[in-house]
Student: 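Sharing a structure with you now.
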Number of protein chains: 2
Amino acid sequence: MAENRAPTIYDVARAAGVAPSTVSRAFSRPGRVSAGTAERIREVARELGYRTNPFARALPTGRTAMIALVVSDVTNPFCSELVQGAQAAAGEGGYTMLLAEARESEPLERALASADGIVLATSRISDETVLTAAGQRPVVVLNRVLPGVPSIISDNARGMRQTVAHLAALGHEHVTYVAGPERSWADGMRRRSLRQAGTEQGIQSRRVGPYPATVEGGARAAVEVVRRPTTAVIAYNDLMAIGLIRALASHGLQVPWDVSVVGFDNIFAAELITPPLTTVAAPLHLLGETAVRHLLAILGGARAESAEPVVLPASLVVRGSTARRRRNSTALTSESFLLSAASPYAEITQS
Amino acid sequence: MAENRAPTIYDVARAAGVAPSTVSRAFSRPGRVSAGTAERIREVARELGYRTNPFARALPTGRTAMIALVVSDVTNPFCSELVQGAQAAAGEGGYTMLLAEARESEPLERALASADGIVLATSRISDETVLTAAGQRPVVVLNRVLPGVPSIISDNARGMRQTVAHLAALGHEHVTYVAGPERSWADGMRRRSLRQAGTEQGIQSRRVGPYPATVEGGARAAVEVVRRPTTAVIAYNDLMAIGLIRALASHGLQVPWDVSVVGFDNIFAAELITPPLTTVAAPLHLLGETAVRHLLAILGGARAESAEPVVLPASLVVRGSTARRRRNSTALTSESFLLSAASPYAEITQS
DNA sequence: TTGAAAGCGCTAACAA
DNA sequence: TTGTTAGCGCTTTCAA
């Protein structure tokens, strides 16, 4: 309410009996000013309640001390932890974090306009757009790999290998993958990893979908899963797995007894549902943190932009949604698995 | 990477054959420039890829077109939707949203330094600090009421009344309230509402706690709940309710058969757990949205800061964690309820 | 309606 | 080590 104009370096300078530039230096590069004056200046500044104006500073330096985190859906539990990790790392580095939910490209524009650098954690934005953005500001992408753009990913391949091994150990011979958003790099990666792991471990796999990466999407997938019997399904993410489990139940199929379900991400709700979800845990917090750290390093002048993506560990967390295959329940042979009415999207691989 | 200095109004002015000030006007106050020139300027600007620099603009105007949302824990599912609503409203109003997680006051400082206004959605910050902040910039608080500070709250009293009525209808005569953070305004409000509703409807209530407003906190509360038998408990929030339910189960008490549990907020996970949680649904998204809208209105010069908090509807969502009281199980009399070993914190009310 | 010019608060040469 | 002096890109009187 008391609209007293905030004190500036000029006020401090006058009160401390030095030149404004000295005050500026005292704050922007301590060490370039004698200990004594520095101390006095800080003292006076404190008394006056001076705070450096980030905008005024941004103008001559071109550095805003802000980074932007662009996500596709804040509501997605996957995001929350990411955001937290990012926010922590940003604060630690003295940066303020902008959060943008990118439905269209406009938020990205705004982010580009005011942030020094950007962390992109959304599959909603096309590779081309990302590349364009990367041409203007340092960009770090999460869970996608793009030539020339530093990226942080979690080890989907490893998680998938563990999952397949786990399922195989439980006696499963076929696995259905419920695909998420088609444009998502992670989806492609998970699909390929499954095929690969399947081949290595003698497990047949097929894919259904794509469906939206939501509880609702998972529920919709259930219809197709029911139509094309399987003993184990791996969903693109936990949200879908949850939707799938519930919908399956309403179709009379009990997880894990009738069918085993595995998710991806290990979101908060994964261990709360019944049965608790077996899932590939992504180091969500670490992912966000690492991305921001990486970005700050680049902003700080680190030119060692190794072309290789940073791979963070992911590994299977076994809970209650997977169980030994029931020999007698679903009379599933290799043939019936492969031949069951295929949807237009279906993609079948044989080990 | 092509580090071509971004075009400025000077570049546009030269290319369009007008003065820089005209370009400025064309963007900041269309209407103060002839339709023809305006069109030409926009044209040229588009070609050059000009974007107004928010920092340069912020300097003379003092307006940054950014608002800050300060929350206590991004990871809390309660926040996610809030953030989304806020972010949507901000974008809609042409504002960029800063997100700060306030563990200490430093993030608040940063927010104050760069945002035009602030939405405070955390109980971690003291009333005094909020008041100080409100003295410097427009502030809107969420779920707390502070003299002179515009606030948005959800109708806890109504939700509580419904809850008590629901419980009473199920035959419960005593209710235990598991308290959350002591400094939280919402906690006090819920406690008072319960006492009030209890008095009105002839239900005895007592309080245990406070405990942290987390799953872990809820689990810890279970110990006390077990020690001091009760047939129904209302938890400060869903997270605690969830922790409570699970911990109760490990103590051999089944919800809702042995004890009914009600939460607050209706977070995403509430309907996923087993049993699905009966809870007072807060309009999370709307809360965030409304807070930001309100803030933008104030920033826009709305002086009608009605002293009254804006109250958004909250109401009970009945799911599976509440059930009819089993007459025979817990032989709970009014005396034993009131006299059971009280913790130092306990506060007992009699209708 | 448009242009000229003076800042907004800070940083960064360059001098002293 | 410190002061002087230009700007950074934009807005905003004030004149024209």
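Lettering follows sequence order; numbering is per chain, from 1.
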Student: CZ of B:R63 versus P of D:dT12: gap in Å, rounded?
Tutor: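 Distance, rounded to whole Å: 10 Å.
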Student: Which part of the nucleic acid, if any, lies within contact of A:V23, taking any heavy atom under 4.0 Å across all strands shown: a base, the sugar-phosphate backbone alone, or nothing?
Tutor: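 Nothing, no nucleic acid heavy atom in range.
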Student: Just the rounded figure in Å: distance from C1' of D:dT2 to CD1 of A:I9.
Tutor: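 Taking CD1 of A:I9 and C1' of D:dT2, I get 14 Å after rounding.
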Student: Would you kindly give the CZ-to-C1' distance between B:R25 and D:dG9, to the nearest whole Å?
Tutor: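 Going from CZ in B:R25 over to C1' in D:dG9 covers 16 Å.
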Student: Considering only NZ, NE, NH1 and NH2 on the basic side and carboxylate oxygens on the acidic side, decide whether A:D127 and A:R144 come within less than 4.0 Å.
Tutor: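 Salt bridge: yes.
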Student: Taking all heavy atoms of B:S154 and all of B:N143, pick out the closest pair and write down the distance.
Tutor: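 Smallest interatomic distance, heavy atoms only, reads N-OD1, 3.7 Å.
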Student: Of A:S24 and B:P60, whose closest DNA chain C nucleotide lies nearer the 5' terminus?
Tutor: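 Of the two residues, B:P60 wins.
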Student: Quick one: the side chain of B:Y10 and the base of D:dC10, do they pair up donor-acceptor inside 3.5 Å?
Tutor: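 Side chain to base: pair present.
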Student: Check every strand shown and say whether B:R29 touches a base, only sugar-phosphate, or nothing at a heavy-atom separation below 4.0 Å.
Tutor: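 It contacts sugar-phosphate atoms only.
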Student: If I take atom CZ in residue A:R32 and atom C1' in nucleotide C:dC14, what distance separates them, rounded to the nearest angstrom?
Tutor: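 Roughly 13 Å, once rounded to whole Å.
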Student: Kindly say if B:T22 contacts the phosphate of C:dT2, meaning a side-chain N or O under 4.0 Å from OP1 or OP2.
Tutor: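 Answer is no, no contact under 4.0 Å.
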Student: I'd like to know if B:R51 reaches the base of D:dG9 with its side chain such that a donor and an acceptor end up less than 3.5 angstrom apart.
Tutor: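 For B:R51, whose side chain was compared with the base of D:dG9, there is no donor-acceptor pair (under 3.5 Å).
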Student: Round to a whole Å and report the spacing from CD1 of A:I41 to C1' of C:dT11.
Tutor: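 Distance, rounded to whole Å: 15 Å.
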Student: Given the structure, check if the side chain of A:S21 and the base of D:dT4 hold any donor-acceptor pair shorter than 3.5 Å.
Tutor: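 Indeed, a donor on one side and an acceptor on the other fall under 3.5 Å apart.
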Student: Choose from C:dT2, C:dT11, D:dT4 the nucleotide whose nearest atom is closest to any side-chain atom of A:A19.
Tutor: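 Looking only at side-chain atoms, A:A19 lies closest to D:dT4.
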Student: Salt bridge or not between A:E39 and A:R42? Use side-chain N to carboxylate O under 4.0 Å.
Tutor: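 The answer is no: the pair does not qualify as a salt bridge.
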Student: If the cut-off is 4.0 Å, is A:T37 near the phosphate of D:dT2, judged by side-chain N/O to OP1 or OP2?
Tutor: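 Result: yes.
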Student: What is the minimum heavy-atom distance between B:E109 and A:R51, and which atoms define it?
Tutor: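 Looks like OE1-CZ, 3.2 Å.
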Student: Once you round it to whole Å, what is the distance between P of D:dG9 and CG of B:L48?
Tutor: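 Value for this atom pair: 14 Å.
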Student: Without decimals, in angstroms, what is the distance between A:F55 CZ and C:dC10 C1'?
Tutor: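 Value for this atom pair: 13 Å.
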Student: Rounded to the nearest Å, what distance is computed from the CD atom of residue B:E39 to the C1' atom of nucleotide C:dT2?
Tutor: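 That distance rounds to 18 Å.
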Student: By nearest nucleotide on DNA chain D, pick out whichever of A:P20 and B:S28 is the more 5' one.
Tutor: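 Result: A:P20.
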Student: From the set C:dT2, D:dC10, C:dC10, return the single nucleotide nearest to any side-chain atom of B:V33.
Tutor: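 Ranking C:dT2, D:dC10, C:dC10 by closest atom to the B:V33 side chain puts C:dT2 first.
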Student: For residues B:F55 and A:A58, report the shortest heavy-atom separation together with the two atoms involved.
Tutor: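 What the structure gives for the nearest pair is CD2-CB, 3.7 Å.
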Student: Can you figure out which of D:dG7, C:dC8, D:dT12 approaches the side chain of B:L59 most closely?
Tutor: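 Minimum distance to the B:L59 side chain belongs to C:dC8.
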Student: Shortest non-hydrogen contact from A:A213 to A:P181?
Tutor: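 Minimum heavy-atom contact is CB-CD, 3.6 Å.
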Student: What contact category does A:S34 fall into here, base, sugar-phosphate, or nothing, at under 4.0 angstrom with non-hydrogen atoms?
Tutor: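 Sugar-phosphate contact only.
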Student: Give a yes/no on whether any side-chain N or O of A:T61 is located under 4.0 angstrom from OP1 or OP2 of C:dT11.
Tutor: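 It does not, given that no N or O in the side chain of A:T61 lies less than 4.0 Å from OP1 or OP2 of C:dT11.
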Student: I want to verify a distance call: between D:dT13, C:dG9, D:dC10, whose nearest atom is closest to the B:Y50 side chain?
Tutor: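 Taking heavy atoms from C-beta onward, the closest nucleotide is D:dC10.
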